[in-house]
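These notes are about the structure you will find just below.
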There are 2 protein chains.
Amino acid sequence: MKYSKATNYALHTMMYMIAIEPNSPLGVQQLADKQGVSPTYLSKILTKLVKAGLIESASGAHGGYRLKGKREDISFLDIIHAVEGTASLFECCGSEDSKCLIHGVMLEAEEGMEQHLKNTKMIDVARKRFSGIS
Amino acid sequence: MKYSKATNYALHTMMYMIAIEPNSPLGVQQLADKQGVSPTYLSKILTKLVKAGLIESASGAHGGYRLKGKREDISFLDIIHAVEGTASLFECCGSEDSKCLIHGVMLEAEEGMEQHLKNTKMIDVARKRFSGIS
DNA sequence: TTATTATAGACACATGAAGTCTTTGATTGG
DNA sequence: CCAATCAAAGACTTCATGTGTCTATAATAA
Ligand code: SF4
Ligand code: SF4
């Protein structure tokens, strides 16, 4: 029961891209260097973000990753869902439609966490001052 | 990033004990039967609850597990912390005291979930009607 | 064409969850 | 005391997933 390191990498990368807002695409090489992670591994994570529609990629020379549209709307939850998936944290005995009360409480609790992650936009944190990767 | 099945077992067992409120201790054998889980495995989980002070155990004939004090105060969070531990869901680069803003948002989100689990007492759900294990 | 860069998949490795088995120790009842 | 009962503890296996590497392929710019 822990967030994966991949989520950590994804959050830092997205925060960086949103904070500096470059005009040219960023290569996975430099993004990986900043976090001390292998480029090939980070690329697998970033590919998930591409498929989620958060960023876009460009192959070839001077290619790389760039934010895709609407910079202000990207929330923490968007990134986490892209990396960790959208399945519920509490899964149990089969696919009964009539979830019991225990299940209900757990889902409500999870909802509480997701609400906060949904309401907090990346750009809000980026503006405050980003003390993460240089 | 999922709650373990052990947490599920612990919640169901505690809900059962709180709902029926027996005077005599319950053996792990019958508790395990209700959930279709191995008795020895369930006992390992229940031992965690004992160490957390939520229940108490008695060896020997007619022994078993019994609630320990204050039945009304047991929250979902108490049980989850006993089984899953109290570590944060979001851990990262070393033990710096100066957590960055990303870290802060994640901790706040987690706090949102824990608040709900803390405020919801097991007995509240037990009173409503427990549609779980018969 | 060649250099650059993302994508994909196979692969290896470490970690933790899930479960079994056995031994030990404590308690009750005869 | 003796035997049956029951929890506690630890070693052990198995399996799933996270983490990461490596290589081949495809796309693009110079
Ligand atoms: S929480 Fe409810 S739905 Fe889930 S296993 Fe227990 S009884 Fe079934
Ligand atoms: S979230 Fe903050 S404290 Fe955690 S690794 Fe990133 S910069 Fe460091």
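Throughout, a chain's letter reflects where its sequence line sits, starting with A, and its residues are numbered from 1. Just so you know, these numbers come straight off a predicted model, no measurement behind them.
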- request: Give one of base, sugar-phosphate or nothing for Lys51(B), where a contact means two heavy atoms less than 4.0 Å apart.
  value: sugar-phosphate
- prompt: After noting the C-alpha distance and the side-chain angles of Tyr65(A) and Leu49(A), does the key distance pass the side-chain contact (heavy atoms from CB on, under 4.5 Å) rule?
  reply: CA-CA 10 Å; Tyr65(A) 298 94; Leu49(A) 298 179; over 6 Å; no
field: Main-chain N/O of Ile123(A) paired to Glu72(A) side chain as donor or acceptor, under 3.5 Å
entry: no
field: Sugar-phosphate, base or nothing in reach of Ser57(A), heavy atoms under 4.0 Å
entry: sugar-phosphate
message: With rounding to the nearest 0.5 angstrom, report the CD1 to CG distance, Ile102(B) to Asn8(A).
response: 7.0 Å
Heavy-atom donor-acceptor pair, Asp124(A) side chain to Thr120(A) backbone, under 3.5 Å: no
- prompt: Over how many whole Å does the gap from Arg66(B) atom CZ to dT27(C) atom C1' extend?
  reply: 14 Å
- request: Find the distance Lys48(A):NZ to dA6(C):C1' and express it as a whole number of Å.
  value: 17 Å
- prompt: Using a heavy-atom cut-off of 4.0 Å to chain B, what are the terminal contacting nucleotides of DNA chain D, in 5' to 3' order?
  reply: dT5(D) to dA11(D)
- prompt: Where is the tightest heavy-atom contact between Pro39(A) and Val28(A), given as atom of each residue plus distance?
  reply: O-CG2, 3.6 Å
query: In Å and rounded to the nearest 0.5 Å, what is the CG to NZ distance from Leu54(B) to Lys68(B)?
result: 9.0 Å
message: If I take atom CG in residue Leu42(A) and atom P in nucleotide dT5(C), what distance separates them, rounded to the nearest angstrom?
response: 15 Å
message: I'd like to check the salt bridge (charged side-chain N to carboxylate O under 4.0 Å, His left out) partners of Lys118(B); sequence neighbours left out, ordered by chain and number.
response: none
query: Glu114(B) and His81(B): side-chain donor and acceptor closer than 3.5 Å?
result: yes
Contact state string [nucleotides 11-23 of chain C, B base, S sugar-phosphate only, - no protein heavy atom under 4.0 Å]: -------SBBB--
